[in-house]
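Just follow the structure's listing: the first ligand is 1, and inside any ligand the first atom is 1. Residues: numbered from 1 along the sequence shown.
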Amino acid sequence: MAEKIVLAYSGGLDTSVAVRWLKENYRYDVIAFTADVGNERDFSAVEKKALKVGAIKCIVKDAKDEFVKDYIFPALQADAIYEGQYNLATALARPLIVKMMVEVAKQEGATAVAHGCTGKGNDQVRFDVSTNALAPGLKIVAPAREWGMTREETIKYAQKYGIPVPITVASPYSIDENLWGRSIECGALEDPWTEPPADVYVWTKSAADTPDRPAYIEVEFVKGIPITLDGKKLDGVSLIKELHELAGKHGVGRVDHIENRLVGIKSREIYEAPAGTVLHTAHQALEEMTLSKDQLRFKQKVAIDYADLIYNGLWFAAHRRDLAAYITSTQQYVTGTIRLKLFKGSCSVVGRKSPYSLYSFSLATYDKGDKFDQKASPGFIHLWGLPVRTQSQAQGFGEKPRENK
Ligand code: ARG
């Protein structure tokens with residue numbers, strides 16, 4: 001009896017060819033697996049296609065709620081943005097897909113898993129490292145990393161075996177899409193001097209085509225998790241979807257980034273993340289108001305490491321889990337409401353309030369009601385400057401440092 005392999009299946013050309021290729025080259029019975037991470041598509045068509053191209057079974061799982069609860073929102077709480085620009089939409093979905101694939105492999109008695117990643121990207125690392133962490137006994141096969149076929153040759157292979165070649169193959173871009181964002185690469189984008197062609201963008205309007213009046217929105221957070229939009233309570237999936245609509249209409253959420261891949265390549269990436277842009281902006285604004293200076297400073301450093309861990313495929317590393325515990329602890333009082341203005345591609349914070357605000361009007365004001373004791377300042381400054389004074393007296397400073405003989 002043939003051994004079974006679970007393939008992460010998208011319904012696209014590469015993974016459809018992979019079904020056949022795994023049969024031809026490894027004699028596997030292929031079980032196609034698709035996780036619905038919010039990449040709106042016709043999943044019954046995906047299932048039909050999987051079976052048509054030779055899979056013995058196709059399993060589709062709704063992963064949206066888990067994606068939001070266990071991956072997207074924790075990353076939001078962490079302020080995890082890779083290299084200051086990328087909200088990690090693709091990177092965050094990978095460990096979840098692997099987790100589900102490993103479960104399917106166990107249920108189905110499969111001995112291996114497969115994915116359609118090439119040998120040049122980050123996704124192969126995320127798939128392989130996560131699989132090894134969760135199920136070290138499973139074999140991993142990556143057809144596109146092994147078969148050495150060009151795009152043309154893949155199409156020929158498909159034609160030879162009667163695998164439908166979708167018209168979208170005409171699209172020059174490589175696109176990954178899920179609830180948290182769209183990632184676009186290849187085609188004209190590979191020339192970093194070329195402005196992204198208009199057809200790259202699907203979720204966001206060009207600023208030139210946005211309404212001439214700004215939209216004002218309010219997002220309420222409880223412990224760092226967004227729970228209402230304009231006063232309406234929404235589950236995470238719906239809140240993100242509504243925000244994509246709202247912010248995308250105003251051109252918010254476009255990113256054009258030369259990014260450092262883990263494998264050492266710099267690549268040009270376009271991202272569309274309207275909801276992510278609004279939520280990260282709002283969340284950070286609320287943290288400014290509710291975290292102390294020390295908490296903010298340290299958390300910013302953790303955010304960089306946390307984003308790197310996610311990007312580099314280390315979601316299931318104990319170090320990531322330890323940092324997550326710290327991040328959760330910081331969110332205890334990150335509760336309140338942020339008011340934002342969406343206008344011509346920009347998203348700006350225009351109001352904030354929190355029952356746990358550390359902002360004190362009576363300390364900040366220069367007007368009536370000032371409670372700050374200015375008479376305490378000279379003593380504070382006297383001691384604050386003590387080491388500077390001591391050193392400059394002993395060693396000099398500025399134009400006349402004392403000679404050291
Ligand atoms: N560069 C991004 C990442 O590594 C996105 C990759 C998306 N993949 C794609 N086929 N467009 O997370």
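Atom numbering of ligand 1 starts at 1 in the shown order; those under 4.0 Å from a heavy atom of S183 are 5 (C), 7 (C), 11 (N). Close contacts of ligand 1 with D176, meaning ligand atoms under 4.0 Å from a residue heavy atom, involve 7 (C), 8 (N), 9 (C), 11 (N).
Using bins of under 30°, 30° to 60° and over 60° for the plane-to-plane angle, the ring pair W180/H280 lands in the tilted bin. Using a 30° and 60° split on the angle between ring planes, Y271 and H257 fall in the tilted class, from 30° to 60°.
Both cation-pi conditions hold for R126 and Y311: the charged atom is under 6.0 angstrom from the six-membered ring centre and inside a 45 degree cone around its axis.
Taking both residues in full, the closest heavy atoms of C117 and D123 are given as SG-CB, 3.6 Å, listed atom of the first, atom of the second, then distance. Between L13 and A158, the closest heavy-atom pair is CD1-CB, 3.8 Å.
Nearest to atom 9 (C) of ligand 1 among the protein's heavy atoms is S174 OG, 3.5 Å. The nearest heavy-atom contact from the protein to atom 12 (O) of ligand 1 is Y86 OH, 2.6 Å. The shortest contact between atom 2 (C) of ligand 1 and any protein heavy atom is with Y271 OH, 3.2 Å. For atom 4 (O) of ligand 1, the closest non-hydrogen atom on the protein side is N122 ND2, 2.8 Å. Protein heavy atom nearest atom 6 (C) of ligand 1, with residue, atom name and distance: E185 OE1, 3.8 Å. Summary of contacts: the protein heavy atom closest to atom 1 (N) of ligand 1 is E259 OE2, 2.8 Å.
If you look at E177 next to ligand 1, there are no close heavy atoms at all, none under 4.0 Å.
In this structure, Y157 has its ring center at least 6.0 angstrom away from the ring center of W147. Taking the ring centroids of H115 and F127, they lie under the 6.0 Å cut-off.
Within the structure, ligand 1 lacks Y82 among the residues with a heavy atom less than 4.0 angstrom away. Residue R126 places a heavy atom under 4.0 Å from ligand 1.
For E66 and K61, the salt-bridge test fails: no basic side-chain N is under 4.0 Å from an acidic carboxylate O.
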